[in-house]
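In this text the structure is predicted, and so the values were computed from the model without any measurement. Order of the sequence lines sets the chain letters (A, B, ...), proteins ahead of strands, with each chain counted from 1.
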Amino acid sequence: MSIKHRFWSFIELGIDPYLTEYRYNVTESLAKIREKYSYLKNGEESQDKHSIAGRIMGIRRHGKIAFMVLDDGTAEIQLVFRYDILGDEKWKIVELLNIGDIIGVFGRPMRTLRGELSILVEDFKVLSITWRDYPEKWHGIADAEKRYRLRYLDIMLNKKVRSAIVNMYRIEKAFRDFLDAKGFIEIHTPKLQPVYGGALARPFITKMYALNRDVYLSIAPETYLKRSVVANLFKVYEIAVCFRNEDIDAQHYPEFVQIEIYQAFADWNDMMKLVEDMVAYAVKSVYGDYKVEVDKNGDKLVLDFTPPWRRISLEDAIEMFGGIKVKGKNYEELLEIAKQLGVEISDPRKGKLLEKIFEKVAQPKIAQPTYITLFPRDISPLARPYRENPEYAERFEIYIDGLEIGNGYSELNNPIVQYYFFAKEEELRLKSREKFGEVEYHPMDKDFIRALEYGMPPTAGVGIGIYRFMMVLSGLSSIKDVIPYIIVEQENFKTVAEENPDILKYYVEKLKLE
RNA sequence: GGGCCCGUAGCUCAGCUCGGUAGAGCGGCGGGCUUUUAACCCGUAGGUCCCGGGUUCAAAUCCCGGCGGGCCCGCCA
C-alpha cells in the first residue's frame with residue numbers, strides 16, 4: 001500500500017487511538033435516550049447534555065455538516081456533527097472518522113427537520129479505530145463462510161442474529177427467575193464424567209491426566225440432577241452445555257445448551273404444566289406478549305404460547321397429521337408403513353419405527369407449541385412406564401414450528417427396573433451391531449442405579465433445548481445462527497501489524513517494548 | 001458415511017454454457033457540498049479469479065486432485 005495509512009493522520013492531529021484515551025464517562029444509554037426524548041418535535045432541541053459512547057455504523061457527509069449512526073449496544077442514534085459548533089481542529093478529526101471507529105460523544109438530544117431523533121455533537125473523543133473496512137451497509141456480511149469466520153461482524157451487523165443472542169440471555173434469565181420463585185436451585189453437574197448417560201448419543205472422549213484415564217464429556221446432566229434429587233435437593237435444574245459427538249446440520253451442533261429441570265413429588269402432567277407456565281412467562285417477559293410474531297425469511301408466523309398447550313399422543317398425531325393408522329400394529333406392519341413412506345430404518349425397536357413415522361408425517365405440521373405424549377417405552381430407558389399401559393412411557397416431547405424443542409417424563413425411580421432397562425440397552429447394542437451396525441444406546445450406569453437404591457421420590461423432569469427454542473423465536477433456520485461462536489478451520493491471512501511494519505515499529509518504540 | 005452446490009476487489013455480485021486484455025455497485029483514498037436516512041456529484045487506487053496439476057497457441061472459464069464453506073439424506077436434541 002503506497003498511500004499513507006489514516007492512522008498517521010490521527011497521529012498528526014495528536015490522537016493516538018490507544019494512548020490518548022483510556023476510558024470514557026458514559027452517562028446514558030441510547031435506549032434510555034430514545035425513550036426519554038421521544039417527545040421532541042421536528043426541529044426541537046433539548047438543553048440536556050449526555051455522554052454516550054459506541055461504534056460508528058454509518059456516515060453521511062455533507063461538507064460542513066455530517067450525520068453518523070452510533071450504536072452503543074442498546075440502540076442506535078443519529079449523530080449530527082456541525083463545523084460551526086465543533087470548530088476547525090475537531091472538524092479535521094470528523095473528516096478522518098470511518099465506519100467501525102469507536103467514539104465517545106458529548107451532546108444534546110434533538111430531532112432533525114426530517115424527524116430523526118439525534119444527538120447534536122458538542123464534543124467527542126476517538127476511543128479506538130478500525131483497521132479493516134467494514135462490509136457493505138446494504139447487504140452486510142452475506143457469505144456464510146465469512147459470517148461464521150467473522151462472527152463478531154455477523155452479530156454486530158445482522159440484527160436478527162444479535163437480537164437472538166440478546167434475547168437468549170433474557171429467556172434464560174426469565175427461566176431462572178421463574179424457577180427461583182418456585183424454590184428451585186441450580187446445580188452445576190460435571191462436564192467430565194466417568195460414564196456418560198442421560199441421553200442416547202455418541203460422546204466426546206478426552207484424557208484426564210490427573211487420574212490417568214479417559215473421561216467423557218457430558219452428553220446430558222440428567223443422571224447427576226437425579227442424584228441431586230436423591231440428595232434431598234427436591235427441586236433442581238441446570239442450564240447446561242451438553243456435548244454430543246454427532247454430525248452438524250441445521251438442527252444439530254456438537255455442543256449445545258439445554259435447561260434440565262427435576263421436581264420431586266411430581267409426575268409428567270405436573271411437569272407439562274410447569275413447562276408451559278415457565279415458557280409462557282419467559283416469552284411474555286422478553287417479547288411483551290404470549291403471542292410472538294416470527295419472521296421466517298419473509299413468511300410471518302404467529303406463535304401462541306398461551307397455556308395450556310395442546311396435548312396429542314404420538315400415535316394420535318400420526319393418525320391426525322398423516323392419516324395413517326398405527327395403533328395395535330406389530331413390528332412388521334410398522335416396518336412396511338415406514339418403507340411406504342420412504343423412511344430408511346435399521347433398528348430392532350418397534351418404538352423407533354413409530355418415532356420415525358411420526359417425524360416423517362406429523363412433526364413438520366406442528367407449528368403451535370404442542371406436547372406429543374405417550375412415547376413408546378422401548379426407546380425411553382430413563383422414563384417411568386405409563387401407569388395404564390406399560391408399552392408406553394409417561395413421556396412427552398415439545399414441538400414448536402416443526403422442531404423438537406424439549407423432552408420430559410415421569411422419571412423412572414425404580415432401581416430394579418432401571419437396572420433391567422440398562423441391561424436391555426446393552427443387549428440391544430450387541431444384537432443390533434450384528435444386524436444393523438452401531439445404534440445409540442444407554443450404557444449401564446451402576447453408580448447411578450445405586451443412587452436410586454437409596455430412594456428417589458416420584459419425580460418429573462424435562463430438558464428444553466435453548467438454541468432450538470431461540471431458532472424458533474427468532475425465525476432463524478440454522479442452529480449455528482443462534483450459537484454465538486461455532487468452530488471454523490484456521491485460515492491464513494495477514495494482520496495489520498504484519499502489513500504495516502512502520503506502525504508496528506511506532507508502537508514498539510513508543511511503548512518501549514524492546 | 002452418502003449426494004448436491006458454492007469459492008472472482010475490503011463487501012455484495014456479474015463474467016464461466018460458447019476459452020481470447022479482469023468488470024459493476026458499495027466501501028477506501030482525493031476533491032465539492034450546513035439537514036441527510038443505502039445522501040449526492042467529480043476523480044482515483046485496489047485482483048494469487050481458493051490452491052495444485054492437466055488440456056490448449058491461449059484457462060477465472062474446460063478436465064483431474066486438494067483445501068475451505070453451505071445445503072440435503074443417514075445418526076444424535
Side-chain angles (χ1 to χ4, degrees), chain A residues 1-6 9 42-43 57-69 76 78-86 91 95-96 98-100 110-118 120 130-150 153 157 198-203 219-220 242-258 260 342-347 352 356 359 397-399 403-407 436-441 463-469 471 477-480 486-493:
Chain A
M1 251 191 275
S2 54
I3 52 160
K4 185 176 73 173
H5 198 286
R6 77 187 177 110
S9 307
N42 290 6
M57 304 303 290
I59 301 181
R60 296 178 286 276
R61 298 181 193 277
H62 295 256
K64 296 271 188 286
I65 187 167
F67 302 92
M68 302 195 192
V69 178
E76 289 187 341
Q78 177 171 268
L79 306 174
V80 181
F81 293 82
R82 276 168 41 183
Y83 178 84
D84 57 343
I85 293 174
L86 291 164
W91 195 253
E95 287 179 324
L96 283 182
N98 271 4
I99 289 173
M110 61 166 290
R111 196 180 291 279
T112 62
L113 295 170
R114 298 281 182 97
E116 184 76 32
L117 187 64
S118 309
L120 187 58
T130 177
W131 299 82
R132 292 183 179 271
D133 292 335
Y134 273 58
E136 185 201 358
K137 59 196 150 219
W138 191 240
H139 297 93
I141 189 162
D143 179 73
E145 184 172 347
K146 277 173 191 130
R147 285 186 52 211
Y148 295 131
R149 276 191 189 287
L150 309 178
L153 282 186
L157 299 168
L200 307 177
R202 183 202 298 160
I219 62 169
C242 303
F243 302 90
R244 297 186 188 176
N245 212 344
E246 311 276 359
D247 259 0
I248 298 170
D249 66 28
Q251 290 89 38
H252 299 86
Y253 191 76
E255 58 173 313
F256 68 101
V257 177
Q258 56 167 334
E260 281 204 9
V343 177
E344 282 179 51
I345 179 96
S346 54
D347 197 293
K352 201 73 188 172
K356 288 286 156 197
E359 284 170 10
E397 289 195 339
I398 304 158
Y399 288 86
L403 251 192
E404 183 191 342
I405 301 297
N407 178 19
F436 308 105
E438 280 299 332
V439 295
E440 303 301 345
Y441 74 106
I464 299 169
I466 301 284
Y467 292 149
R468 289 223 181 137
F469 187 45
M471 285 170 68
S477 55
S478 171
I479 196 165
K480 285 187 265 189
I486 66 157
I487 192 164
V488 274
E489 285 296 327
Q490 292 294 295
E491 145 192 58
N492 266 327
F493 63 92

Rounded distance in Å - [atom1] ([X]) to [atom2] ([N]):
{"X": "A:Y148", "N": "B:G70", "atom1": "OH", "atom2": "C1'", "result": "8 Å"}
{"X": "A:Q78", "N": "B:U37", "atom1": "CD", "atom2": "P", "result": "10 Å"}
{"X": "A:I487", "N": "B:G69", "atom1": "CD1", "atom2": "P", "result": "9 Å"}
{"X": "A:Y83", "N": "B:G32", "atom1": "OH", "atom2": "C1'", "result": "16 Å"}
{"X": "A:N245", "N": "B:G1", "atom1": "CG", "atom2": "P", "result": "12 Å"}
{"X": "A:E489", "N": "B:G66", "atom1": "CD", "atom2": "P", "result": "16 Å"}
{"X": "A:E404", "N": "B:C75", "atom1": "CD", "atom2": "P", "result": "14 Å"}
{"X": "A:D133", "N": "B:A9", "atom1": "CG", "atom2": "P", "result": "13 Å"}

Results of salt bridge (Lys or Arg N to Asp or Glu O under 4.0 Å) for [X] - residues two or more places apart only:
{"X": "A:R147", "answer": "A:D154, A:D481"}
{"X": "A:E95", "answer": "none"}
{"X": "A:E397", "answer": "A:R395"}

With heavy atoms under 4.0 Å as the rule, sort [X] into base, sugar-phosphate or nothing.
{"X": "A:R244", "answer": "base"}
{"X": "A:A220", "answer": "nothing"}
{"X": "A:E397", "answer": "nothing"}
{"X": "A:Y467", "answer": "nothing"}
{"X": "A:D84", "answer": "base"}
{"X": "A:I219", "answer": "nothing"}

To the side chain of [X], which of [options] is closest?
{"X": "A:A142", "options": "B:U12, B:U34, B:C76", "value": "B:U12"}
{"X": "A:T112", "options": "B:U12, B:U35, B:G27", "value": "B:U35"}
{"X": "A:R149", "options": "B:C29, B:G69, B:C75", "value": "B:G69"}
{"X": "A:R82", "options": "B:U34, B:G68, B:C75", "value": "B:U34"}
{"X": "A:V488", "options": "B:G69, B:C76, B:U35", "value": "B:G69"}

Next on the checklist: When you compare the side chain of A:K480 with that of A:I248, does any pair of heavy atoms fall below 4.5 Å?
Outcome noted: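 Sidechains of A:K480 and A:I248: in contact.
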Contact under 4.0 Å: [X] side-chain N or O vs [N] OP1/OP2:
{"X": "A:N492", "N": "B:C50", "value": "no"}
{"X": "A:K146", "N": "B:U12", "value": "yes"}
{"X": "A:K480", "N": "B:G70", "value": "yes"}

Item to check | Earlier contact from the 5' end, RNA chain B, for A:I486 and A:R202 | outcome: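 Going by which nucleotide is closer to the 5' end, it is A:I486.
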Checklist entry - Starting at the 5' end of RNA chain B and moving along, which residue's nearest nucleotide shows up first, A:L120 or A:I141? => result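 Looking at the nearest nucleotide for each, A:I141 comes out on the 5' side.
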Item to check | Side chain A:R202, main chain A:E246, donor-acceptor under 3.5 Å | outcome: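 A pair under 3.5 Å: no.
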Next on the checklist: Could you check whether any side-chain N or O of A:R149 sits under 3.5 Å from a backbone N or O of A:E489, counting only pairs where one atom can act as donor and the other as acceptor?
Outcome noted: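 Side chain of A:R149 to backbone of A:E489: a pair is present.
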Identify the nucleotide, in any strand shown, that forms a Watson-Crick or G-U wobble pair with [N], with both distances under 3.5 Å; if there is none, say none.
{"N": "B:C76", "answer": "none"}
{"N": "B:A22", "answer": "none"}
{"N": "B:C4", "answer": "B:G70"}

Checklist entry - Checking only heavy atoms, does the side chain of A:D247 share a donor-acceptor pair with the base of B:G74 at less than 3.5 Å? => result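 For A:D247, whose side chain was compared with the base of B:G74, there is a donor-acceptor pair (under 3.5 Å).
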Next on the checklist: If you go through the side-chain atoms of A:D249, does one of them form a donor-acceptor pair with the base of B:C76 closer than 3.5 Å?
Outcome noted: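 For A:D249, whose side chain was compared with the base of B:C76, there is a donor-acceptor pair (under 3.5 Å).
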Quote, to the nearest angstrom, the [atom1] distance that separates [N] from [M].
{"N": "B:G30", "M": "B:U17", "atom1": "P", "result": "41 Å"}
{"N": "B:G19", "M": "B:C11", "atom1": "C1'", "result": "29 Å"}
{"N": "B:A39", "M": "B:G32", "atom1": "C1'", "result": "14 Å"}
{"N": "B:A60", "M": "B:U8", "atom1": "P", "result": "15 Å"}
{"N": "B:C5", "M": "B:C42", "atom1": "C1'", "result": "42 Å"}
{"N": "B:G69", "M": "B:C76", "atom1": "P", "result": "25 Å"}
{"N": "B:A24", "M": "B:G43", "atom1": "P", "result": "13 Å"}
{"N": "B:G47", "M": "B:U56", "atom1": "P", "result": "32 Å"}

Mind listing the side-chain donor-acceptor pairs of residues 135-143 of chain A below 3.5 Å, one per line with the distance, residues two or more places apart or on another chain?
from: A:E136; atom 1: OE1; to: A:H139; atom 2: ND1; distance (Å): 3.0
from: A:E136; atom 1: OE2; to: A:H139; atom 2: ND1; distance (Å): 3.2
from: A:D143; atom 1: OD2; to: A:E145; atom 2: N; distance (Å): 3.3
from: A:D143; atom 1: OD2; to: A:K146; atom 2: N; distance (Å): 3.1

Next on the checklist: List the residues meeting side-chain contact (heavy atoms from CB on, under 4.5 Å) with A:D249, not counting sequence neighbours, and say none if there are none.
Outcome noted: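 So A:D249 forms a side-chain contact (heavy atoms from CB on, under 4.5 Å) with A:Q251, A:H252.
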List every contact pair, protein side and nucleotides 38-40 of chain B side both N or O, where the distance is under 3.5 Å.
from: B:A39; atom 1: OP1; to: A:K137; atom 2: NZ; distance (Å): 2.7
from: B:A39; atom 1: OP2; to: A:R60; atom 2: NH1; distance (Å): 3.1
from: B:A39; atom 1: N7; to: A:R61; atom 2: O; distance (Å): 2.9
from: B:A39; atom 1: N6; to: A:R61; atom 2: O; distance (Å): 2.7
from: B:A39; atom 1: N1; to: A:H62; atom 2: ND1; distance (Å): 3.4

Next on the checklist: Check the orientation of A:W131 and A:H5. Use parallel for under 30°, tilted for 30 to 60°, and perpendicular for over 60°.
Outcome noted: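 A:W131 vs A:H5 ring planes: tilted.
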Checklist entry - Would you say A:I487 has more than 12 foreign heavy atoms packed within less than 6.0 Å of its CD1? => result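 Atom CD1 in A:I487 is not crowded, with 12 or fewer foreign heavy atoms closer than 6.0 Å.
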